[in-house]
Protein chains: 2
Amino acid sequence: MSAGNIAVPTMLNTPLPDPVPSADYDACPVTELFRRLGDKWTLLVLVLLDQQTYRFNELHRRIEGISQRMLTRTLRTLEHDGLVERTVFPTVPPSVEYALTARGRSLLKPLSEVADWVVQQSEMTAPPGT
Amino acid sequence: MSAGNIAVPTMLNTPLPDPVPSADYDACPVTELFRRLGDKWTLLVLVLLDQQTYRFNELHRRIEGISQRMLTRTLRTLEHDGLVERTVFPTVPPSVEYALTARGRSLLKPLSEVADWVVQQSEMTAPPGT
DNA sequence: CTGTATCCGATGTGATACTG
DNA sequence: CAGTATCACATCGGATACAG
């Protein structure tokens with residue numbers, strides 16, 4: 001939760017500085033990851049790329065409502081974070097393939113546990129038979 | 001990933017509609033949760049409340065840089081989602097206590113696995129001895 | 001095909017002042 | 001003490017046009 005990961009290994013029950021300095025909080029890599037995952041398209045792009053590699057326009061058509069601008073931005077950020085690999089084939093016209101890296105695939109495991117938690121909660125709210 | 005959770009139980013390797021309808025994506029509860037967690041203060045408030053209950057101004061002082069407005073909004077949203085319980089003591093002046101619900105505590109388990117993933121990645125980047 | 005540049009509206013967040 | 005109301009500003013994301 002702080003820049004130096006003081007509180008991260010066991011995010012629970014580890015003492016945090018009082019007050020939590022805003023600079024540290026902003027710089028915390030865990031916070032940053034959640035900010036990325038919380039933007040409009042990142043999560044969906046990650047899930048799609050986990051199922052298969054895509055070319056740019058394939059992905060564009062695959063996701064209804066995403067703009068070229070945001071697809072580019074989302075993919076570039078994921079590439080910058082080492083979660084997605086971008087491969088350019090210098091054909092005419094050019095073609096570019098996007099694939100999840102090993103790191104990207106490994107991230108989906110903890111993420112799917114969060115997703116499972118959501119499902120469990122909605123099942124508690126709406127019991128079987130509804 | 002869709003409103004009906006079609007793809008959620010095993011977020012990985014479950015086919016998604018092609019194209020993914022933007023209405024379904026917007027309505028997906030998993031997507032929504034990540035959007036909440038990705039906002040500026042939610043994650044920190046969850047972690048702090050997991051360690052102890054807080055009164056409003058205690059929390060306000062505890063988090064450097066948060067505004068009254070955003071602390072109120074964040075807590076109200078968490079309460080609305082059933083993650084935080086708000087208890088008013090009708091003293092003069094009034095005092096209000098915030099505590100994590102059982103659901104809130106249960107969420108922190110999958111979240112801390114995501115946090116652990118971040119730590120593991122940074123350890124791979126910067127091996128021991130640095 | 002795979003982008004980039006520009007503009008604009010929507011939304012998120014902070015500052016300040018005020019209230020029961 | 002625990003908020004609410006209002007305004008101001010920054011950032012996010014979509015639309016459109018253009019380019020290699």
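Naming: A, B, ... by sequence-line order, numbering from 1 per chain. These values consider heavy atoms only, across backbone and side chains, with no hydrogens, waters or symmetry-generated copies.
Following rounding to the nearest Å, A:Leu71 (CG) and C:dT4 (P) show an atom-to-atom distance of 11 Å. Whole-Å rounding puts the A:Glu79 CD to C:dT2 P distance at 15 Å. Rounded to whole Å, the distance from CD1 on A:Ile63 to P on D:dG13 is 13 Å. In this entry the distance linking CG of B:Asp39 with P of D:dT11 reads 17 Å, nearest Å. Rounded to whole angstrom, the span from the CD atom of A:Gln68 across to the C1' atom of D:dG14 amounts to 12 Å. Separating the CZ atom of B:Phe89 from the P atom of D:dC1 is a distance of 16 Å, rounded to the nearest angstrom. Here D:dT11 presents its P atom at 18 Å from CZ of B:Arg35, a figure rounded to the nearest Å. Separating the CZ atom of A:Phe56 from the C1' atom of C:dT4 is a distance of 11 Å, rounded to the nearest angstrom.
Taking 4.0 Å as the cut-off between side-chain N and carboxylate O, A:Arg36 and A:Asp81 count as a salt-bridged pair. A salt bridge does not link A:Lys109 with A:Glu113: every distance from a Lys NZ or Arg NE/NH1/NH2 to an Asp or Glu carboxylate oxygen is 4.0 Å or more.
The side chain of A:Lys40 places no N or O atom within less than 4.0 Å of a non-bridging phosphate oxygen (OP1 or OP2) of C:dT11. A close approach under 4.0 Å does occur between a side-chain nitrogen or oxygen of A:Arg55 and OP1 or OP2 of C:dT2. Phosphate proximity of C:dG3 to A:Tyr98: present, with a side-chain N or O under 4.0 Å from OP1 or OP2. At the phosphate of C:dG3, OP1 or OP2 sits under 4.0 Å from a side-chain N or O atom of A:Arg86. Applying the 4.0 Å criterion to OP1 and OP2 of D:dC1, one finds that B:Tyr54 has every side-chain N and O outside that range.
Side-chain proximity of A:Arg76 to the nucleotides C:dC1, C:dG3, C:dG14 is greatest for C:dG3. Ranking D:dA2, C:dT2, D:dG14 by closeness to the A:Met70 side chain, first place goes to D:dG14. The listed nucleotides are C:dC1, D:dG14, C:dG14; the one nearest the side chain of A:Arg69 is D:dG14. If you check D:dA2, D:dG13, C:dC1 against the side chain of A:Pro93, the one that comes closest is C:dC1.
Under the 4.5 Å side-chain heavy-atom criterion for ILVMFWY residues, no single connected hydrophobic cluster contains both A:Leu100 and B:Met124.
No side-chain donor-acceptor contact under 3.5 Å links B:Arg55 and B:Tyr98.
When the nearest nucleotides of DNA chain D are assigned to B:Glu58 and A:Pro94 by heavy-atom distance, the more 5′-ward of the two goes with B:Glu58.
In this structure, CD on B:Glu79 lies 12.5 Å from OG1 on B:Thr74, to the nearest 0.5 angstrom.
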